[in-house]
Amino acid sequence: MKFQAPKGVSEYYPPRSSAFELVRDELIAAAKVSGFSLIELPVFEDTELFTRGVGASTDVVTKEMYTFEDRGGRSITLRPEGTAGAMRAVIEHGLDKGQLPVKIWYSGQFFRAERPQAGRYRQFYQVGVEAIGLQDPEIDVEVIAAADRGFKNLGLKRYRLEITSLGDAASRSAHRKELDLFLAGLDLDEATRVRAQLNPLRLFDDKRDSIRSQMASAPLLLDFLTESSRSHFHKVQELLTELGIAFTINERMVRGLDYYTGTTFEFVHPDLGSQSGIGGGGRYDGLMGELGGADLSGIGYGIGVDRVLLACEAEGVFGAEKALDSLDLFLVPLGPATKRFGVVMMQGLRASGVKVDMAYGDRSLKGGMKAADRSGARFSLVIGDEESSSGQAQVKNMKTGEVQSIKIDPSDNYLQLSRFIFDSKVR
RNA sequence: GUGGGCGUAGCUCAGCUGGUAGAGCACUCGGUUGUGGUCCGAGAUGUCGCGGGUUCGAGCCCCGUCGCUCACCCCA
């Protein structure tokens, strides 16, 4: 029996894992620099949290949740998204009773039992933020800008931001009335009609030509916004423009989770295959109340790290992958005695923060140098009997090939060598 | 849940109208005394996804099955 990873999971192993790590850390860094604090959450929750929070009619809840019974007979679900769990924690620990807004970020694995496809996995990785307790359009823009900053810092260029407003409850019910009337006159198959009853907005996102052409003349929610919704959305656009964040209005944008209201947005990338969304989010006015907390509004996003990685690779924003987290130094010992010398030396260097590894096994000099090359280390250093006894060695710059004599002295923790390496890093 | 494509060496794949398996990359060693990348030489590696059938003979044909993948529904 040969074991295989479960269907539809993404795994990252060297060398690509360092690219994944970089993407994740950059997205997190953007959240942190925007003033969000970490909230560390469980990957499973009470099933009802999601049926109530995400919405019982959504596809996520009806057919995509990993749900099981734990030993105490409780129904448990692996989290399919982050906001519901974050709100639960905020309410449970009374963060909503402190100073507002509450600004938190999270990251980790999420789970949806779907048929896998390019960029769509059953276990996927997300970095998200939530800002709770403010109605101002400024906070909408701040959240969007935080996501945008992450993408920009990674060097992405070809992504696009799409925004819309789902309005307040009055806007939506006015629109729904018109939309239901319109849909009643369409030629739809049974499954689609059922879907339309649960949430008619979903039909805007259908990719089938027969539906698309019929929906072309459907009444748009944006045309039904109340005065306050309209003005909020307008301010969001103004501020985005002022910040130089390009966007397009997608009046047909649909999100898969029921809790979204008002400002809603999605970042899309053209090079990912069918799943073009790399991140998205929006405002959720009723969610906190629905989950038993104070009736506060919030806004947040979730960014798919797996997809952003694909986007980065499609755009070629990384250089050689092995350079991403490459070693500073690679030691090539000759013979057993110098191997011991090398192990001791590495500990000394690591203590001062030098990233160092060495050739193990009994490799020839050529083999050792080859290993040094493959490791991607910036410098190599051969240690034989001569070096260990004289305390003098040649550091070789692996890129330029130039060598330099340097003192290696255990008693000062190889100070000269580590200095040399750090100095060369600055350049 | 529905539909398409594909399963041959670690990876990417070739294998003509059936005659019992190959390339490139990667890997290891070497090209005479201690310096990698290029070049040259040598070497190791496969239950040709699995099960059954047709045939003197199946990687190739047929049936089934499992897996991967892409797309639809939907979504990060």
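For the numbers below, each heavy atom of this structure counts, side chains included, while hydrogens, waters and symmetry mates do not. Keep in mind it's a predicted model, so treat the numbers as computed, not measured. Below, chains carry the letters A, B, ... as their sequence lines are ordered, and counting in each starts from 1.
Side-chain contact between Pro219(A) and Asp223(A) is absent, with no heavy atoms from C-beta onward closer than 4.5 Å. The shortest distance between side-chain heavy atoms of Met65(A) and Thr51(A) falls below 4.5 Å.
A 3.5 Å limit on both hydrogen-bonding distances identifies U2(B) as the Watson-Crick or G-U partner of A71(B). Across all strands shown, U12(B) pairs with A23(B); the Watson-Crick or G-U wobble distances both stay below 3.5 Å. For A42(B), the paired base is U28(B) (Watson-Crick or G-U wobble, both distances below 3.5 Å). Remark: U65(B) base-pairs with G49(B); criterion is Watson-Crick or G-U wobble with both hydrogen-bond distances under 3.5 Å. The partner of A76(B), taking Watson-Crick or G-U wobble pairs whose two distances both stay under 3.5 Å, does not exist in any strand shown. When Watson-Crick and G-U wobble pairs are counted only if both distances are under 3.5 Å, G34(B) pairs with no nucleotide at all.
Following rounding to the nearest Å, Ile383(A) (CD1) and U35(B) (P) show an atom-to-atom distance of 16 Å. At whole-Å resolution of the value, CD in Glu386(A) and P in G34(B) are 12 Å apart. When rounded to the nearest whole Å, the span between CD of Glu81(A) and P of A76(B) equals 9 Å. Glu162(A) has its CD atom 15 Å from the C1' atom of A76(B), to the nearest Å. Summarising the geometry, the separation between CG on Asp258(A) and P on C75(B) is reported as 10 Å, rounded to the nearest angstrom. Between the C1' atom of C73(B) and the CG atom of Asp59(A) lies a distance of 7 Å, rounded to the nearest Å. Regarding Arg122(A), its CZ atom lies at a distance of 13 Å from the C1' atom of U69(B), rounded to whole Å. Separating the CG atom of Leu272(A) from the P atom of U69(B) is a distance of 16 Å, rounded to the nearest angstrom.
U32(B) sits 48 Å from U17(B) when the P atoms are compared, rounded to a whole Å. Taking the P atom of each, U47(B) and G22(B) are spaced 16 Å apart, rounded to whole Å. Spacing of P atoms, A58(B) relative to G49(B), comes out at 15 Å, to the nearest Å. Annotation: G43(B) and G67(B) have their P atoms spaced 40 Å apart (nearest Å). Distance check on atom C1': C60(B) versus U8(B) gives 11 Å, rounded to whole Å. Spacing between G51(B) and G15(B) at atom C1', rounded to whole Å, works out to 24 Å. Spacing between A26(B) and A9(B) at atom C1', rounded to whole Å, works out to 11 Å. Nucleotides G31(B) and C70(B), compared at atom P, are 46 Å apart to the nearest Å.
Between the side chain of Lys399(A) and the base of G36(B), no donor-acceptor pair of N or O atoms lies under 3.5 Å. If you check distances only, the side chain of Arg374(A) never reaches the base of C27(B) with a donor-acceptor pair under 3.5 Å. In this model, a side-chain donor or acceptor of Glu387(A) finds a partner on the base of G34(B) within 3.5 Å. Judged by atom type and distance alone, Lys370(A) does not reach the base of G37(B) through any side-chain donor-acceptor pair under 3.5 Å. Judged by atom type and distance alone, Asp373(A) reaches the base of G36(B) through a side-chain donor-acceptor pair under 3.5 Å. Not a single donor-acceptor pair, N or O on each side, falls under 3.5 Å between the base of A76(B) and the side chain of Gln109(A).
Not a single donor-acceptor pair under 3.5 Å links the side chain of Arg307(A) to the backbone N or O of His269(A). A donor-acceptor pair under 3.5 Å links the side-chain atoms of Arg172(A) to the main chain of Leu166(A), judged by distance alone.
Across the interface with RNA chain B, nearest-nucleotide mapping of Arg202(A) and Ala5(A) shows Ala5(A) to be the residue nearer the 5′ end. Projected onto RNA chain B by closest heavy-atom contact, Ile303(A) and Ser364(A) fall at different nucleotides, the more 5' of which corresponds to Ser364(A).
Relative to the side chain of Lys366(A), the nucleotides A71(B), G36(B), A76(B) differ in distance, and G36(B) lies closest. The listed nucleotides are C68(B), U35(B), C72(B); the one nearest the side chain of Lys7(A) is C68(B). The side chain of Lys63(A) approaches C73(B) more closely than any other nucleotide in the set C73(B), C72(B), C75(B). Nearest nucleotide to the side chain of Gln4(A), out of A71(B), C68(B), A76(B): C68(B).
Using a 4.0 Å cut-off, some side-chain N or O of Arg363(A) falls inside it from OP1 or OP2 of U28(B). Neither OP1 nor OP2 of C70(B) sits under 4.0 Å from any side-chain N or O of Ser274(A). Between Gln126(A) and A76(B) there is no side-chain N or O to OP1 or OP2 distance below 4.0 Å. Between Arg255(A) and A76(B) there is a side-chain N or O to OP1 or OP2 distance below 4.0 Å.
The side-chain tip of Arg79(A) points at the ring of Phe110(A) from less than 6.0 angstrom away and within 45° of straight on.
Between Leu225(A) and Ser171(A), the closest heavy-atom pair is CA-OG, 3.7 Å.
Taking the six-membered ring wherever Trp is involved, the centroid distance between the rings of Phe420(A) and Phe379(A) falls below 6.0 Å. In summary, the aromatic rings of Tyr159(A) and Phe151(A) are positioned with their centroids under 6.0 Å apart.
Contacts of Phe110(A) with the nucleic acid, taken as non-hydrogen atoms under 4.0 Å apart, are absent. Across all strands shown, Gly119(A) has heavy atoms under 4.0 Å from base atoms, whether or not it also approaches the sugar-phosphate. Counting any heavy atom pair closer than 4.0 Å across all strands shown, Ala118(A) reaches sugar-phosphate atoms only and no base atom. Among the protein residues, Gly401(A) comes within range of the nucleic acid bases, having at least one heavy atom under 4.0 Å from a base atom.
A76(B) has no stacking from Tyr125(A) on its base ring, since the centres under 5.5 angstrom apart and planes within 30 degrees of parallel are not both found.
With salt bridges taken as basic N to acidic carboxylate O contacts below 4.0 Å, one links Arg16(A) and Glu313(A).
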